[in-house]
Structure formats: C-alpha cells, structure tokens
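On a predicted model such as this, the values are computed, not experimentally measured, just so you know.
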Amino acid sequence: MATMLRNSALDLARARRRLVPTVLILGFIAAPLSAHVAGVRAPWSLVAGGVLSVTALSVIAARLTRGAVLRWGSGTPRQPRTSPRSRSVAHGAGILASVALAGAALGIQSGAATGTLPHTISSIAVAVNAGIVILATVPVPGFGGWALLLARVDLAAPLPRDRVRRAAAGARVAALAVGIAGLPIALATAEPLAAAFGAGLGAVIWVRAGAAVAVDAAERFFAGRMAKDLARPLTAVRGPHVRLADLDRRSRGEAALVVSGDGELLGAFGPRQVRAASQRHGHGARCEDAMVPFGALPLAAGSAPATALIPALADFGFAVVRSDAGIAVVEAADVQRQVRVWARIEELGRRRRLGGDA
C-alpha cells in the first residue's frame, strides 16, 4: 500500500510538472485559431465530434508510426530497440507523421470556404498536429523533445555523466529560439498572446533544463551511498508542549525530535514545519503543532540506499535514519550544499581531463 501511495504521489507530481508547459503550448497553438473557427455554420455537436475524432486520429497516427519504426529497428541483437539511433529515428518518424497530417489539413483548409465544417475541422487538425509536433520537440524533461535530445547526445557517445549537461545546453538554445519566435508569430497572426506564450514557454524550458542538471547531479551523488553516509547525529530533543517561540534561532533552523515525558518518540520537525506552524498558530505554536508524527515519517535504515531518503527529503525537508548508533537526521539543505560542492569538483575534474586530452 505504501508503494502504491508513493507511486501515485510521484505520478501526480509529474503531472503537475507537465501542466504549465502543456498549457503554454496549447495556448501558443490556439491563439491564432479563433479566427478560423469563428462563425462556423454547423451544429456544435458535429463540430465537437469532428474535433475529438481529429485529435484521436492525430495522436494514434504519431504513436503508431513511432512504434512501427521502433519494432522495425529492433531486429538484431546488435541494434536493440532502445539504441539511441532507433529512438532518434522513431521519434523523428512520429514528428514527420504529424507534419504530414498538418500539411494535408492545411491543404483542405485553404480550399474550403470560411465558416464551413471542412474549414473548421481542418483548421483544428492543423492546430492539433502542430501541438503534437511541439509537444514532441519541446526540450522539457518529461516531454518527447527532451528524450530526443538525450538520444541525439547518446549518438555522439559522450561520457555517461555528461549527457544531461549537454542536453540541457541544447535545451537552453531552444528556449531562446522559442522565446524569440513568439514575436514574429504574434505579428503575423495579430495575436499578442502568441508572444506572451512563446516567452513563457522559453522561460519554462530554460528553468527546467537547469533543474534537470541539478536532479541528475543529485541522483549521481546519491548513487552508491548509504543513508548513514549522509546522516549526522540528531541531538536536539524537544517536548511536545515547548513553544516554538522559546527556541533559540539556531534550534528553529535544524531538525529536532519530539519526545513525550515518559521518553516515547512522538515525531520530528525541521525548519519547514516550524515556519508552517508559526504561520498557522502564531506565537502560541508548540512543537506538537510542528512535528511530523512517526506514523507519517518513515524511518530509514542506516544501511539502506541513500536514494530511499529522497521522498522524505522532498516532502518534509529532512529524513530520519535509524542505525546502530541511534537516531540520525539528513537535512535537505545539507544535502543540497554537498551536491553543489560535489558537482563543482566533478566539473573541475571534467574540464581538467578535457584540457589534458586537448
């Protein structure tokens, strides 16, 4: 059950991360569409059915094309289905299928009178397939364009630790291009929103590219480490009725255990919980108001992989580790500092190796 809940939470988090780029892309495509569908002389039920059919056919065509190319390219053990070349070709084939459908719809649109059902449906087909192409090429982690960038980087056979950084560099170039492209599109279509959507999408690509580099560095930092390697002794112990306002400034900025009068472990809290409890309860906030109960806060074994700490660090800002030496804590701020230093040292080493090779 815990695994199912964690997976559901991760799926929800991924959906939230994709929401803003998706809305920006759909707005970028839909901005000039209103002029083509205004004043349609057909029942809206028929128009809605046509929209749903066009959308479903467009999505199915792109996916079937990608799947067919992947199956065709996986015929020999030397060329596995997940090879960078197969992924690149399959992804490109799906994009070409959407481009072809958009071109065919554009031909129908140009030959149909404005306001008729063929003109409206073909206009929507152009927009839908254009949206599919952008969704498949925009280099935001979680979208097809990011997977395509990684596949293209893999084709060049870089160092395994270098792939995300190189993909992020390409994504930032694309971010600048998208941000600039919104202005001529807005001028050509007389839709100022196109410029705003283009600038917003470019900003999202830029920020997400940097976040992908940071996440990749964190994942490689955690790999091969155990939870006890990142933990430090947890010596701060508070009673449940101690007021947060009575804690000194340093104590409010670090994790602490909450223990009852008879020594029972009730929970723990960190800076994030202190701020939230202080905002809710003001100066009367107590440790029991801030603490995360141990029923909701998992205790990781010291010998567990360090990656097991990531959900708690993301949810609470700290993780509690139980080892032979007692209770220890891992704080997100400490880990972030260690990751930044480690990534900087790794980058300096990479540059030195490249300079020596040159």
Side-chain angles (χ1 to χ4, degrees), residues 6-29 59 62-63 66 70 82-92 94-95 98 130-179 181-182 197-223 306-307 309-311 313-315 332 335-336 339-340 342-343 346-347 350:
R6 186 177 294 110
N7 291 338
S8 299
L10 290 174
D11 291 340
L12 183 60
R14 295 189 188 102
R16 286 200 301 266
R17 287 195 295 269
R18 295 183 183 185
L19 178 61
V20 173
T22 302
V23 169
L24 287 171
I25 291 168
L26 293 178
F28 190 70
I29 293 300
V59 172
R63 290 191 174 183
R66 284 197 299 269
L70 278 176
T82 56
S83 68
R85 188 174 300 278
S86 296
R87 300 201 313 266
S88 299
V89 173
H91 203 83
I95 293 172
S98 297
I132 292 174
V133 170
I134 295 179
L135 286 170
T137 54
V138 63
V140 175
F143 288 82
W146 182 255
L148 180 60
L149 261 183
L150 289 176
R152 300 304 300 174
V153 169
D154 290 341
L155 279 175
L159 294 173
R161 295 180 177 181
D162 203 29
R163 62 195 300 264
V164 174
R165 186 187 63 81
R166 294 194 182 189
R172 283 170 172 159
V173 173
L176 292 175
V178 170
F197 282 123
L201 181 57
V204 168
I205 295 173
W206 186 281
V207 171
R208 294 291 178 85
V213 175
V215 169
D216 177 67
E219 288 177 348
R220 290 187 287 108
F221 176 80
F222 278 97
T307 51
L309 303 174
I310 294 177
L313 290 174
D315 292 340
V335 173
Q336 289 170 355
V339 170
R340 283 196 295 267
W342 177 81
E346 184 185 52
E347 177 66 15
R350 186 190 67 83

Between [X] and [Y], which heavy-atom pair has the shortest distance, and what is it?
{"X": "I132", "Y": "A62", "answer": "CG2-CB, 4.3 Å"}
{"X": "S98", "Y": "V133", "answer": "CB-CG2, 3.6 Å"}
{"X": "L149", "Y": "P139", "answer": "CD1-CB, 3.5 Å"}
{"X": "A209", "Y": "A168", "answer": "O-CB, 3.7 Å"}

T137 OG1 to L148 CG distance, which is reported to the nearest 0.5 Å: 8.5 Å
D154/R87 under side chain to side chain contact (heavy atoms under 4.5 Å, CB included): CA gap, chis, key distance, verdict: CA-CA 10 Å; D154 290 341; R87 300 201 313 266; 2.9 Å; yes
Review item, side-chain donor-acceptor pairs of residues 169-179, under 3.5 Å, at least two apart:
none

G144 backbone acceptor or donor facing H91 side chain under 3.5 Å: yes
Set of residues satisfying side-chain contact (heavy atoms from CB on, under 4.5 Å) with respect to A147, sequence neighbours excluded: none
For A212, side-chain contact (heavy atoms from CB on, under 4.5 Å) partners two or more places apart: P141, W146, V164
Intermediate values then yes/no, side chain to side chain contact (heavy atoms under 4.5 Å, CB included), R66 and R63: CA-CA 5 Å; R66 284 197 299 269; R63 290 191 174 183; 3.3 Å; yes
Verdict with supporting geometry, I205 and F143, side chain to side chain contact (heavy atoms under 4.5 Å, CB included): CA-CA 11 Å; I205 295 173; F143 288 82; over 6 Å; no
Those residues that, when tested against F221, pass ring-ring contact (aromatic ring centres under 6.0 Å, His included) (two or more places apart): W342
